[in-house]
Number of protein chains: 2
Amino acid sequence: MAKKVVREGERRRRRPTRQGTVLSERLIVETALRMLREHGSAGLTARRLGVALGADPSTLYRYFAGLDDLTRAIGDELMGHALDGWRATGEWRADLRALGLAIHASYLAHPQAAVLTASRVTGRPREIEVDETILGILRGAGFPDQDAVGVYHAFIDLSLAFAALDAGALTLTDQVRETDEQMWDSTYARLPADTHPHIAATAPLLAGRMTRSAYPEVLETLLEGAAARLGRRARRGG
Amino acid sequence: MAKKVVREGERRRRRPTRQGTVLSERLIVETALRMLREHGSAGLTARRLGVALGADPSTLYRYFAGLDDLTRAIGDELMGHALDGWRATGEWRADLRALGLAIHASYLAHPQAAVLTASRVTGRPREIEVDETILGILRGAGFPDQDAVGVYHAFIDLSLAFAALDAGALTLTDQVRETDEQMWDSTYARLPADTHPHIAATAPLLAGRMTRSAYPEVLETLLEGAAARLGRRARRGG
DNA sequence: CGTTAAGGTCAACGCCGTTGGCATAAGAAA
DNA sequence: TTTCTTATGCCAACGGCGTTGACCTTAACG
């Protein structure tokens with residue numbers, strides 16, 4: 001077996017597989033992401049990944065301690081994507097909004113991966129970079145450390161939580177998702193007004209709204225709250 | 001095979017299994033919840049559930065179309081638990097806060113189930129009951145339908161999203177979770193101040209905060225925002 | 001150029017969800 | 001009470017899974 005995983009930096013011998021591919025951590029993660037996108041989260045298996053790479057499944061254990069370890073690497077890759085598509089403007093509220101939406105979008109672009117990784121602390125480079133960036137924005141905006149950490153915590157968990165929730169909906173098979181979405185028309189819209197007056201009264205509004213994400217609005221509310229706190233503190237002359 | 005699932009209401013013959021248990025949808029769901037709690041989400045398999053019930057695994061297919069179907073039923077059960085431990089007071093903000101925390105707590109009490117079900121629209125009775133309740137609170141508080149639906153959407157998705165996120169952390173095996181939590185001490189606290197000044201400056205605050213949920217604070221922020229909107233509308237004399 | 005061990009392959013283990021076929025006893029009908 | 005039907009249980013099997021240990025092969029270092 002793979003007694004021990006060699007870290008990417010210390011890897012020396014790059015021996016091609018029988019089918020000729022030269023493996024690397026990066027190649028494996030990218031291939032896994034592609035498979036997730038194309039075949040869904042149930043579509044990523046060690047065996048299939050092996051076939052896609054042109055390598056024996058057990059070879060993966062030379063690079064990752066197990067699928068769980070691979071999962072962390074995938075999560076970090078998503079964080080990296082988010083950061084790559086973001087630029088600082090110096091205006092804290094706009095920057096946080098943009099970064100939050102970028103993280104959300106990056107995860108939703110790979111829903112299967114998002115579901116697997118959103119609740120993990122990877123401690124890998126790109127994740128750390130994101131955290132440093134957020135804290136920098138907040139402290140730069142004048143939030144005292146205590147508040148900065150509070151807003152950071154709310155911000156990152158909110159973003160990941162919605163990423164996972166919204167991604168979860170996307171990972172369902174087409175058929176199941178359709179069933180879920182039609183629930184608003186088929187079940188909720190037909191509840192009689194005498195037993196469920198409030199749902200009945202708002203059914204059309206619900207059907208129009210519940211199939212898209214509440215994340216942008218909630219994020220805006222959070223930023224609004226943070227701005228208010230910052231304002232109060234400034235006015236108090238803290 | 002189980003050609004067709006008989007719905008609970010139409011079930012007639014209650015034949016005991018070889019080992020003497022008399023099955024029912026309810027018994028199966030409760031047993032599944034207990035297994036999830038005791039053995040983790042990887043611990044719930046059709047075979048093990050069969051053993052726990054004293055029945056052949058394939059018998060489950062007489063009650064549920066598959067594990068996915070069982071999953072929905074489990075999710076609805078969690079919603080039921082939340083609602084059972086909640087009482088209305090008539091003060092909308094307190095009521096929503098309590099209900100949100102009850103939902104969050106109910107899901108966290110069964111993290112493995114929460115992860116499986118949080119992003120599903122089950123369309124089952126208890127879920128519908130929760131939705132009707134929330135909409136009732138908001139409309140009763142004077143929110144016009146458009147706003148009520150908006151706040152409802154943010155509220156329920158926020159609560160489920162955090163339930164899933166926080167539950168996700170709890171579903172990790174003890175060893176993995178410890179690794180994740182220690183990350184704040186082992187990795188983040190040791191980042192040098194010259195490369196990661198903001199993390200370095202706030203490391204102790206981070207370590208103290210990141211291992212608990214941000215949900216209560218974020219929920220409060222959301223309610224604050226909703227109250228503000230309601231106040232503005234009232235002052236405008238809407 | 002010889003040695004070493006990294007990094008491949010192979011075969012096997014014990015799980016998994018699900019299905020088709022079959023047996024049997026619960027409850028309706030007589 | 002007996003008979004009949006069929007709901008509901010059981011069994012055996014399928015193909016797939018993650019992971020492991022033993023074994024080969026060859027790239028790279030001295």
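Computed from heavy atoms alone, side chains included, the values below leave out hydrogens, waters and symmetry copies. Per chain, numbering begins at 1; letters A, B, ... match sequence-line order.
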### Task
Report yes if a side-chain nitrogen or oxygen of A:Y63 is closer than 4.0 Å to either non-bridging phosphate oxygen (OP1 or OP2) of C:dG8; otherwise report no.
yes

### Residue-phosphate contact under 4.0 Å: B:R18 side-chain N/O, D:dC11 OP1/OP2
yes

### Message
Expressed as a whole number of angstroms, how long is the span from A:L60:CG to C:dA6:C1'?
### Response
16 Å

### Query
Rounded to whole angstrom units, what separation is found between the OH atom of B:Y61 and the P atom of C:dG21?
17 Å

### Query
Between B:T45 and A:D56, which is nearer to the 5' end of DNA chain C once each is assigned its nearest nucleotide?
A:D56

### Query
Considering only heavy atoms and no angle criterion, is a donor-acceptor pair shorter than 3.5 Å present between the side chain of A:S58 and the base of C:dC10?
yes

### Task
State the CG-OG1 distance between A:L135 and B:T202, to the nearest 0.5 angstrom.
4.5 Å

Which nucleotide in the set [options] lies at the smallest distance from any side-chain heavy atom of [X]?
X: B:P57; options: C:dA26, D:dT19, C:dT18; answer: C:dT18
X: B:A46; options: C:dT18, C:dT9, D:dT19; answer: C:dT18
X: B:R62; options: D:dC11, C:dT18, C:dG21; answer: C:dG21
X: B:R15; options: C:dT18, D:dA22, C:dA23; answer: C:dA23

### Query
Are B:Y188 and A:D131 linked by a side-chain donor-acceptor pair shorter than 3.5 Å?
yes

### Task
Check whether any side-chain heavy atom of A:I156 lies under 4.5 Å from a side-chain heavy atom of A:I134, and answer yes or no.
yes

